[in-house]
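Single-structure report; data block below.
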Number of protein chains: 2
Amino acid sequence: MANPMYRQIAEDLREQIESGQLQPGQQLRTELELRETYGASRNTVRDAIKWLTSLRLVETRPGQGTFVVKKIDPFVTTLSGEPGTGESVTYHFQVSRHGRKPFNTDPQVEIQRATSGVAAELRLPEGTPVISRHQRRFIDGTPWSLQTSFYPRGFALQGAEKLLNADNIEEGAVQYLAATLGLKQVGYRDWITVRAPSAAEADFFRLAQDGRVAVFENFRTAFDQTGTPMRVTVTVFPTDRNQFIFDIGDVPEPQVPSPEDHKS
Amino acid sequence: MANPMYRQIAEDLREQIESGQLQPGQQLRTELELRETYGASRNTVRDAIKWLTSLRLVETRPGQGTFVVKKIDPFVTTLSGEPGTGESVTYHFQVSRHGRKPFNTDPQVEIQRATSGVAAELRLPEGTPVISRHQRRFIDGTPWSLQTSFYPRGFALQGAEKLLNADNIEEGAVQYLAATLGLKQVGYRDWITVRAPSAAEADFFRLAQDGRVAVFENFRTAFDQTGTPMRVTVTVFPTDRNQFIFDIGDVPEPQVPSPEDHKS
DNA sequence: GGGTATTTGTCCGTATGTATT
DNA sequence: AAATACATACGGACAAATACC
């Protein structure tokens with residue numbers, strides 16, 4: 001089947017991993033030992049390990065060894081909250097259900113020119129200045145997501161000055177905009193894609209730089225009562241530790257669904 | 001920065017790709033030529049190419065060369081249809097909006113024992129026999145998704161015999177179950193994860209076997225008017241050609257959003 | 001169909017560097 | 001400081017896939 005020798009070695013090791021003979025977190029035998037075991041050269045053994053690395057089954061640590069990857073207990077985020085609920089509230093709710101502690105850095109606020117994507121969503125000409133509020137978000141100390149919200153700059157001039165403050169808006173941006181500008185968020189659209197992380201993202205999330213772990217990118221466009229987009233939020237999540245739930249229509253209470261149950 | 005030579009070579013090639021100097025689909029110079037260009041050994045050049053491969057920037061074709069990956073015009077699927085709408089209808093609607101032609105194989109119907117995940121979602125004991133209906137789905141000839149729906153076996157005995165037929169249920173399974181068993185689908189929960197493809201999945205989707213392109217796995221649990229799960233649908237989509245939309249609350253009409261606009 | 005040139009894939013051996021313990 | 005283990009880099013040989021004549 002898998003003719004080349006390095007694939008056969010990889011297949012053998014893979015079976016040991018998937019059968020539980022090699023446990024998550026456990027160290028494999030060293031390259032020199034595996035060379036003896038399989039009667040191959042060290043480079044061929046390394047090719048086998050690279051193959052398993054690409055499959056995200058093992059990871060190598062210089063000076064230490066090769067280890068079976070530990071599955072991260074995933075962060076499960078319900079993205080279908082109430083339409084009038086902002087991101088922070090929605091996320092906070094979901095996360096605290098698991099008894100986990102989220103932590104957000106204070107937002108980094110900038111006036112930026114809208115990129116084509118953000119401009120199109122906000123129905124503004126490309127390059128229009130917008131308010132950008134960027135946050136890094138952790139759960140129990142683990143890097144969880146990078147989030148940037150974009151608002152039309154006019155919002156700040158029309159009475160929503162807090163958007164320009166580098167503080168969390170305690171009452172939530174949704175409530176704040178409703179109170180100050182009379183903008184009610186009546187709905188939103190989530191657009192979910194997957195791509196390779198940028199170098200900065202890989203660094204923040206402590207992912208390998210080679211892109212083997214991808215990231216979700218979620219574009220959320222929120223609409224006010226007139227059907228006008230009032231905000232675009234871009235959130236990036238590593239795919240190795242995040243899962244999402246959307247409830248559509250009438251769905252009974254969660255029963256604390258366990259991610260462990262979700263395997264084909 | 002990226003000290004090792006192969007990373008420097010990779011970085012140089014990457015800039016050529018991202019600057020557009022090397023166009024999608026275009027062939028890179030051969031390994032032998034790059035060896036001359038960079039004054040490195042062929043193996044070092046190959047390491048650089050492997051790095052770019054892992055980042056999904058290039059792909060190699062034996063006997064032909066190395067090519068800049070072409071971005072696939074993505075299939076955008078709206079997963080938040082009406083709660084009373086089945087998968088086939090929802091997907092069909094979305095896809096035809098783009099003037100694309102979906103094609104589903106006839107379902108492969110089996111009685112299987114529920115795995116732990118499916119059993120938990122259907123609230124059945126693990127190992128309970130369930131009806132499994134599996135389809136391969138294409139758009140314009142491109143492998144698009146693999147879908148398996150699971151129903152309690154009792155449904156067939158109670159009057160919904162068509163569930164056991166290896167034919168598409170023309171009126172849609174949702175309408176059929178409403179007509180025969182009085183089960184109205186009032187809502188569903190989508191649970192979205194990302195993982196490496198199995199060998200069979202990589203084969204079907206024509207993905208590399210090394211898992212560098214991941215797949216979405218969506219677990220959809222549908223509920224009837226009593227809040228009881230009536231179906232679990234597991235759908236697998238390659239992440240290199242699929243994106244998803246969820247509309248929550250009041251969202252204005254699509255305006256045919258272009259995926260090209262969605263880049264950070 | 002067969003043969004040849006081209007290009008990537010596999011496998012080996014060796015030497016040295018770097019990270020960790 | 002020494003030992004261990006993976007990372008980088010080189011050079012060489014042959015195999016396999018593809019394209020072209």
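Per chain, numbering begins at 1; letters A, B, ... match sequence-line order.
Atom CD of A/Glu36 is separated from atom P of C/dG13 by 11 Å (rounded to the nearest Å). If you take OH of A/Tyr38 and P of C/dC12, they are 14 Å apart, rounded to a whole angstrom. Summarising the geometry, the separation between CZ on A/Phe67 and P on C/dA19 is reported as 17 Å, rounded to the nearest angstrom. For the pair A/Asn43 CG and C/dG13 P, the interatomic distance rounds to 9 Å; values are reported in whole Å. The interatomic distance linking A/Ile9 (CD1) with C/dT10 (C1') rounds to 12 Å, in whole Å. In this structure, CD of B/Gln27 is placed 19 Å from P of D/dA17, rounded to the nearest angstrom. Atom pair A/Arg35:CZ and C/dT14:P shows a separation of 10 Å (rounding to whole Å applied). For the pair A/Arg7 CZ and D/dA16 C1', the interatomic distance rounds to 14 Å; values are reported in whole Å.
A tilted orientation is assigned to the rings of B/Phe216 and A/Phe216, their planes being inclined by 30° to 60°. By the 30° and 60° cut-offs, the orientation of the rings of B/Phe103 relative to B/Phe138 is tilted.
With hydrogens and angles left out, the side chain of B/Arg61 and the base of C/dG9 share no donor-acceptor pair within 3.5 Å.
Mapping A/Asp47 and B/Glu33 onto DNA chain C via the closest heavy atom, the residue that lands nearer the 5' end is B/Glu33.
Residue B/Gln64 places none of its side-chain N or O atoms closer than 4.0 Å to OP1 or OP2 of D/dA17. Taking 4.0 angstrom as the limit, A/Thr60 places none of its side-chain polar atoms (N or O) nearer than this to OP1 or OP2 of D/dC6. Between A/Thr44 and C/dT10, a side-chain N or O to OP1/OP2 separation shorter than 4.0 Å is absent. For the OP1/OP2 pair of C/dT7 and a distance below 4.0 Å, the side-chain nitrogens and oxygens of B/Thr66 include no atom meeting the criterion.
Checked against C/dC11, D/dC10, C/dA15, the side chain of A/Arg42 finds its nearest nucleotide in C/dA15. Distances from the side chain of B/Glu31 to the nucleotides C/dT8, D/dA7, D/dA19 place C/dT8 closest. Considering only the side chain of B/Leu32, C/dT8 comes nearest among C/dT8, D/dT8, D/dC10. Between C/dT7, C/dC12, D/dG11, one nucleotide has an atom nearer to the side chain of B/Thr30 than all others, and that is C/dT7. Ranking D/dA7, C/dG9, C/dT14 by closeness to the B/Arg46 side chain, first place goes to C/dG9.
B/Trp51 has its side chain within reach of A/Gln209: a pair of non-hydrogen atoms, C-beta onward, lies under 4.5 Å apart.
A/Thr193 contributes atom OG1, which lies 5.5 Å from atom CD of B/Gln243 (distance to the nearest 0.5 angstrom).
Across all strands shown, C/dG17 forms a Watson-Crick or G-U wobble pair with D/dC6, both key distances being under 3.5 Å.
In terms of modelled atom types and a separation under 3.5 Å, the side chain of A/Arg14 and the main chain of A/Leu57 share no donor-acceptor contact.
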